[in-house]
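Following: one structure in structure tokens, then a few remarks.
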Amino acid sequence: MAQKPSLPKGTRDFGPAQMLKRDYILNTIRSVFKKYGFMPLETPAIENLSVLTGKYGDEGDQLLFRILNTGDFLKKTSAGDYEEGAKALSPKIAEKGLKYDLTVPFARYVVMNRGEITFPFKRYQIQPVWRADRPQKGRYREFYQCDADVVGTGSLICEAELMAIVNEVYTQLNFNDYKVSISSRKVLEGLAALCEVSDKFTAFCVILDKLDKIGEERVAEELSTIGVSSQNLEKLKELLNTTGSNQEKLGTFREAFVNSEVGLAGLDELSETFEHLKGLKVTTDQIIFDPTLARGLSYYTGIIYEVKPTSISMGTITAGGRYDNLTGVFGMEGVSGVGISFGIDRIYDSLEELNLFPETNSDITQILITNFDKESEAHALGILAKLRSKNIKAEIFPEAAKLKKQLNYANNKGIAHVLMVGSREIESGEYVLKNMETGDQQTATIDALANLLS
RNA sequence: GUGGUUGUAGUUCAGUUGGUUAGAAUGCCUGAUUGUGGUUCAGGAGGUCGCCGGUUCGAGUCCGGUCUUCCACCCCA
């Protein structure tokens with residue numbers, strides 16, 4: 001009995017038209033990564049769960065896809081485990097999982113290959129990741145991340161270069177409606193100290209992060225529930241309402257953080273990063289110091305940033321930050337890293353919504369050769385080889401069909417030119433080239449026509 | 001994970017208080033045009049109404065479950 005096939009929730013097929021556009025984004029990002037000195041790396045889709053769990057916070061652990069052990073997966077369990085529930089049973093029946101991001105597997109790779117790696121190590125990685133999230137617009141269960149990370153140096157030049165990459169990628173994609181929010185976990189620590197809730201740092205961050213979503217009043221309400229006094233709320237409110245340039249805002253924060261060593265360190269790092277950006281000739285109009293930026297992933301320790309489109313409703317399209325000790329959990333201390341991740345599925349959705357994909361795509365076949373009958377077909381194969389030797393993307397219609405069908409094929413596939421190869425042309429040595437957009441036709445030798453196309 | 005929402009030709013959608021043979025547009029195929037597509041005209045094919053079950057003389061329509069879509073939380077690329 002035939003059944004209708006279906007896809008798992010939150011996954012998609014990408015047809016040729018979509019893949020051409022995805023490749024356009026991917027190729028852009030990849031070429032920029034290479035230009036900045038990053039080298040490629042790939043890691044497996046599956047990792048041991050011991051590598052993945054505990055790196056993304058409790059929420060993250062919940063979103064990991066777990067892979068049932070092969071064979072008799074009940075082998076290591078007892079009836080008692082079942083009684084204790086899913087949480088106790090899960091690690092005994094599933095020891096591997098799909099990777100959740102590219103940063104943690106990268107840290108694992110660095111630790112395992114520390115002997116062969118020359119530091120600072122700059123790598124880029126473009127692969128799918130999986131999250132058992134509930135899908136929504138711009139949120140999928142399988143999606144691609146494009147990461148660039150530098151490990152083995154604490155230099156803020158890296159942060160600035162990653163910002164430069166953001167600037168260059170989106171400039172090349174002709175996408176300008178975005179803003180970069182930048183801050184530092186240390187600034188958040190300073191704010192938490194100011195509010196005297198350093199012991200509830202994580203909760204503090206989560207609440208603060210909601211500011212632009214739920215507003216000042218509700219943030220104040222929630223902050224008071226974790227013990228922020230009304231006096232401190234006033235101080236915080238005044239500080240966060242600071243306006244002005246990035247430098248002016250940093251100055252105001254500096255005054256407020258006089259008693260917070262870590263807070264001041266965060267501000268210094270931000271200032272230095274902005275200096276480096278100036279040195280790199282990166283315009284900072286779209287980069288905004290946003291002290292409420294929190295970022296969920298628990299491994300970040302220093303500067304953090306996030307890119308969001310401004311003219312459409314879309315989540316974060318690029319994000320990252322510095323993590324001082326991600327390799328520490330794998331037994332390699334004292335290696336600082338900083339990275340960035342482009343979410344190409346959301347970039348795709350954004351470009352689509354804003355109609356920013358270029359109309360023509362250089363990956364499309366340039367010329368289709370017709371197929372009228374066996375004799376012309378044999379002749380056409382030679383022409384095909386000749387065109388390809390000149391690096392022209394060419395194909396032949398693989399069977400003798402009605403010309404109408406062949407032209408339709410070219411039309412639907414977006415092929416710009418059709419070369420008629422029939423007895424008339426073979427006899428004269430001059431071929432009819434049809435421009436599918438204008439409908440114009442011209443007659444010339446293959447060499448002359450090839451020159452027109454290449 | 002919580003709450004809501006969606007599903008009918010390849011696609012986008014109609015389908016009345018439950019009542020004969022489920023429609024349109026578009027796309028596809030054939031012909032008008034034996035070597036000229038994207039325009040026009042004529043004809044044709046295409047549907048287990050997401051899936052499973054229930055109520056009913058009768059279900060695309062009502063009920064339950066399930067899968068999927070989108071949305072709000074949560075969180076995130």
Side-chain angles (χ1 to χ4, degrees), chain A residues 1-12 15 25 29 56-64 86-87 100-103 126-147 166 202 205-207 209-210 213-214 293-298 300 304-309 313-321 339-350 368 370-373 376 397 400-426 431-441:
Chain A
M1 193 169 69
Q3 56 170 21
K4 268 184 189 165
S6 62
L7 283 172
K9 188 198 297 239
T11 65
R12 291 109 2 110
I25 300 170
I29 293 171
Y56 310 106
D58 289 341
E59 291 280 348
D61 282 356
Q62 243 181 332
L63 299 179
L64 286 170
K87 214 167 182 179
Y100 179 91
D101 73 355
L102 302 178
T103 311
I126 299 176
Q127 289 191 268
V129 300
W130 294 268
R131 296 183 186 178
D133 215 345
R134 196 172 281 202
Q136 282 183 36
K137 187 181 211 164
R139 173 178 293 193
Y140 307 99
R141 293 187 132 187
E142 176 183 66
F143 61 97
Y144 269 70
Q145 290 194 328
C146 309
D147 278 32
V166 168
T202 307
C205 291
V206 169
I207 297 168
D209 192 39
K210 295 185 198 167
K213 203 165 189 178
I214 64 174
L293 178 67
R295 305 267 327 119
L297 296 178
S298 49
Y300 291 119
I304 48 180
Y305 31 77
E306 209 168 76
V307 183
K308 273 188 173 174
S313 162
M314 176 64 65
T316 309
I317 53 176
T318 298
I340 195 155
S341 180
F342 289 82
I344 87 141
D345 303 84
R346 286 185 179 175
I347 294 171
Y348 181 104
D349 290 345
S350 302
L368 173 77
T370 58
N371 188 333
F372 288 132
D373 50 49
S376 64
F397 200 85
K402 289 207 168 102
L403 185 56
K404 178 181 171 133
K405 182 170 179 172
Q406 302 190 40
L407 288 172
N408 219 359
Y409 174 84
N411 196 49
N412 289 342
K413 209 172 163 181
I415 300 173
H417 299 276
V418 172
L419 187 70
M420 311 286 175
V421 177
S423 54
R424 299 205 292 256
E425 285 81 6
I426 295 171
Y431 299 82
V432 173
L433 183 75
K434 184 179 177 75
N435 180 319
M436 291 300 285
E437 202 189 328
T438 61
D440 294 344
Q441 301 193 158

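The sequence lines fix the lettering, A, B, ..., with proteins before strands; numbering per chain opens at 1. These figures come from a predicted structure and were not determined experimentally.
- B/U69 sits 15 Å from B/U11 when the P atoms are compared, rounded to a whole Å.
- A distance cut-off of 5.5 Å between ring centres, combined with a plane angle under 30°, places A/Phe143 in a stacking arrangement with the base of B/A77.
- Evaluation of the ring pair (Phe, Tyr, Trp, His ring centres under 6.0 Å) rule for A/Phe397 yields A/Tyr409 as partners, not counting sequence neighbours.
- In this structure, A/Glu306 atom CD and B/C76 atom P are separated by 9 Å, rounded to whole Å.
- Here B/C75 is the nucleotide among B/A77, B/G3, B/C75 with the atom lying nearest to any side-chain atom of A/Glu59.
- A/Tyr56 places its OH atom 20 Å from the P atom of B/G1, with the value rounded to the nearest Å.
- Across the C1' atoms, B/G58 and B/C70 are found 34 Å apart, a figure rounded to whole Å.
- Residue A/Ser6 is out of contact with every strand shown, counting any heavy-atom pair closer than 4.0 Å.
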- Message: What does the 5'-to-3' dot-bracket notation of RNA chain B look like when only Watson-Crick and G-U wobble pairs under 3.5 Å count, and pairs to other strands show as |?
- Response: ((((..(..((((.....[...)))).(((((.......))))).....(((((..]....))))))..))))....
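- Between the P atoms of B/G47 and B/A24, the separation comes to 15 Å (whole Å).
- Between B/U5 and B/G43, the distance separating the two P atoms is 44 Å to the nearest Å.
- Phosphate contact (OP1/OP2 of B/C74, side-chain N/O of A/Lys210, threshold under 4.0 Å): present.
- Rounding to whole angstrom units, CG of residue A/Asp61 and P of B/G1 are separated by 15 Å.
- Rounded to the nearest Å, the gap between the P atom of B/C76 and that of B/U16 is 45 Å.
- Partners of A/Asn412 according to the side chain to side chain donor-acceptor pair (under 3.5 Å) rule, which considers only residues two or more places apart in sequence or in another chain, do not exist here.
- Environment of OH in A/Tyr144: sparse, with no more than 12 heavy atoms of neighbouring residues, nucleotides or ligands closer than 6.0 Å.
- For the side chain to side chain donor-acceptor pair (under 3.5 Å) test, residues two or more places apart in sequence or in another chain that qualify with A/Asp440 are A/Thr438.
- Within the 4.5 Å cutoff, the side chain of A/Arg346 has heavy atoms near those of the A/Arg139 side chain.
- With a 4.5 Å cut-off on side-chain heavy atoms, A/Asn408 and A/Lys404 do not count as touching.
- As judged by a 4.0 angstrom heavy-atom cut-off over every strand, A/Gly320 is placed among residues making no nucleic acid contact.
- Residues satisfying the salt bridge (charged side-chain N to carboxylate O under 4.0 Å, His left out) test with A/Lys137, not counting sequence neighbours, are none.
- At whole-Å resolution of the value, CG in A/Asp58 and C1' in B/C74 are 13 Å apart.
- Both A/Gly138 and A/Pro135 lie near RNA chain B, and the one whose nearest nucleotide falls closer to the 5' end is A/Pro135.
- A/Ile344 places its CD1 atom 22 Å from the P atom of B/C76, with the value rounded to the nearest Å.
- Residue A/Gln62 places no side-chain N or O under 4.0 Å from the OP1 or OP2 atom of B/C75.
- A/Val129 comes within contact range of no nucleotide atom at all, as no heavy-atom separation falls under 4.0 Å.
- Residue-level contact check: A/Tyr140 touches the bases, meaning some heavy atom is under 4.0 Å from a base atom.
- The nearest whole Å value for the distance from the CZ atom in A/Arg131 to the C1' atom in B/G1 is 16 Å.
- Note: CG (A/Leu7) to C1' (B/C70) measures 16 Å, nearest angstrom.
- Using atom C1' as the reference point in both B/U8 and B/G15, the two lie 9 Å apart (nearest Å).
- Taking atom C1' in both B/A45 and B/C57, one finds a spacing of 35 Å when rounded to whole Å.
- Taking atom C1' in both B/G44 and B/C52, one finds a spacing of 35 Å when rounded to whole Å.
- Mapping A/Lys405 and A/Arg141 onto RNA chain B by nearest heavy atom places A/Lys405 closer to the 5' end of the strand.
- Judged by distance alone, the side chain of A/Ser341 and the main-chain N or O of A/Asp147 form no donor-acceptor pair under 3.5 Å.
- Inter-residue side-chain proximity for A/Arg424 and A/Val432 is flagged as unmet; no heavy-atom pair is nearer than 4.5 Å.
- Judged by distance alone, with hydrogens and angles left aside, A/Arg346 brings a side-chain donor or acceptor within reach of the base of B/C76, the pair sitting under 3.5 Å.
- Within the 3.5 Å criterion, the main-chain N or O of A/Asp133 finds a donor-acceptor partner in the side chain of A/Arg141.
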- Message: Treating primed atoms plus P, OP1 and OP2 as sugar-phosphate and everything else as base, which nucleotides of nucleotides 32-46 of chain B get B, S or - for protein heavy atoms under 4.0 Å?
- Response: ---BBBB--------
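- Taking atom CD of A/Gln136 as the reference point, atom C1' of B/C76 lies 10 Å away to the nearest angstrom.
- Side-chain contact between A/Ile426 and A/Ser423 is absent, with no heavy atoms from C-beta onward closer than 4.5 Å.
- Taking 4.0 angstrom as the limit, A/Lys213 places a side-chain polar atom (N or O) nearer than this to OP1 or OP2 of B/C73.
- With hydrogens and angles left out, the side chain of A/Arg139 and the base of B/C75 share a donor-acceptor pair within 3.5 Å.
- Of the possible donor and acceptor atoms, none in the side chain of A/Gln127 sits under 3.5 Å from a partner among the backbone N and O of A/Leu102.
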